Amino acid sequence: MGILIGGFLFLFGLIFFLVGGGIGLVSGLLSGNVQFGAASINMFVFGGLGLVFMVIGAILFFGGRGKAKKNKALAEKIFAMGVPTEATITFLDKNYGMLVNNKPIYSIVEFKFRDGSGVERIGRKNNVSSDLAIRLKLEVGAKIPIKYLNEDPDRNILILKDPNAAG
């Protein structure tokens with residue numbers, strides 16, 4: 001989400017900077033011919049606001065990209081080195097936090113499982129594809145395969161195979 005919002009803010013700030021007289025402001029600052037008047041105040045205000053939006057957008061964009069890469073690397077590590085086990089779904093519902101055409105595209109799946117030392121753990125995934133959950137006929141009480149990190153069982157992933165996928 002940070003990538004999307006950051007990209008939007010960066011582009012909005014860039015347009016605001018360019019339209020608000022940012023080019024004139026930069027050329028005036030570089031040439032040393034900045035004149036203070038009503039027009040230059042507009043350039044400072046709009047060009048400055050554009051720069052602020054651009055900086056905030058860049059921070060959100062690159063922060064979101066870093067977080068996404070870190071989450072992807074963790075999921076790949078769990079998939080490659082995780083301990084497979086079976087979990088029981090304890091809660092299943094649509095996630096109304098993300099709607100497309102007023103319909104939830106994600107489901108919330110909460111499950112419990114026992115790790116290698118016999119301790120019961122609870123996991124929760126808020127971004128399971130609703131279409132996939134319907135195709136797999138997920139319901140409370142159903143058994144699903146998961147993988148977890150042996151050193152940190154709270155780091156886990158669902159292993160849901162799409163029945164419509166080839167291979």
Side-chain angles (χ1 to χ4, degrees), residues 1-20 22 45-115 119-149 151-167:
M1 191 61 94
I3 295 172
L4 185 64
I5 293 171
F8 173 78
L9 278 177
F10 183 82
L11 288 175
F12 178 76
L14 179 64
I15 292 168
F16 207 71
F17 177 75
L18 294 175
V19 172
V45 170
F46 290 111
L49 278 175
L51 282 175
V52 168
F53 283 126
M54 284 173 56
V55 168
I56 292 171
I59 290 169
L60 288 174
F61 180 81
F62 289 114
R65 263 188 85 197
K67 186 177 179 182
K69 281 184 178 182
K70 183 179 170 185
N71 287 343
K72 182 180 178 188
L74 177 62
E76 288 173 352
K77 177 182 177 184
I78 295 170
F79 188 76
M81 300 172 24
V83 177
T85 190
E86 193 171 69
T88 304
I89 297 175
T90 57
F91 177 79
L92 179 67
D93 197 8
K94 302 283 187 186
N95 186 348
Y96 290 95
M98 173 70 81
L99 300 176
V100 174
N101 294 331
N102 290 328
K103 294 180 182 174
I105 59 172
Y106 294 122
S107 291
I108 300 168
V109 178
E110 194 170 285
F111 52 93
K112 64 181 179 180
F113 65 97
R114 293 205 179 272
D115 64 12
V119 176
E120 186 171 86
R121 304 281 182 164
I122 296 175
R124 180 182 175 110
K125 304 299 176 201
N126 295 324
N127 58 351
V128 176
S129 168
S130 290
D131 290 339
L132 182 61
I134 292 168
R135 280 195 302 271
L136 292 174
K137 298 177 182 157
L138 296 181
E139 58 186 24
V140 174
K143 303 287 186 188
I144 53 173
I146 68 163
K147 282 189 175 184
Y148 65 90
L149 283 179
E151 60 269 13
D152 186 5
D154 291 329
R155 306 269 186 181
N156 50 60
I157 59 173
L158 297 173
I159 309 294
L160 301 175
K161 293 183 173 44
D162 189 349
N164 294 341

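Owing to the predicted nature of the structure, the values given are computational and were not obtained by experimental measurement.
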Please list, one pair per line, the donor and acceptor atoms closer than 3.5 Å that link side chains of residues 94-102 to other protein atoms, with sequence neighbours excluded.
| residue | atom | partner | partner atom | Å |
| --- | --- | --- | --- | --- |
| Asn95 | OD1 | Gly97 | N | 3.0 |
| Asn95 | ND2 | Asn126 | O | 2.8 |

Salt bridge (charged side-chain N to carboxylate O under 4.0 Å, His left out) with Asp115: of Lys147, Arg121, Arg155, only one passes, and it is Arg121
Is the count of non-hydrogen atoms from other residues, nucleotides or ligands lying under 6.0 Å from Phe8 atom CZ greater than 12? no
Locate the shortest heavy-atom distance separating Ser130 from Pro104; write the atom from each residue and the value. OG-O, 3.7 Å
So how far is it from Phe113 CZ to Ile146 CD1, rounded to the nearest 0.5 Å? 4.0 Å
For Gly57 and Leu9, the nearest pair of non-hydrogen atoms, with its separation, is CA-CB, 3.7 Å
So, do Phe10 and Phe61 have ring centers that fall under 6.0 Å from each other? no
Arg65, CZ atom: more than 12 neighbouring heavy atoms under 6.0 Å: no
Neighbour count >12 (heavy atoms, 6.0 Å) for atom OH, Tyr106: no
For Lys125 and Asn156, work out which heavy atoms get closest and say how close. NZ-O, 2.7 Å
Side chain proximity check, Glu139 to Ile89, heavy atoms < 4.5 angstrom: no
When you look at CD1 of Ile122, are more than 12 heavy atoms from neighbouring residues, nucleotides or ligands closer to it than 6.0 Å? no
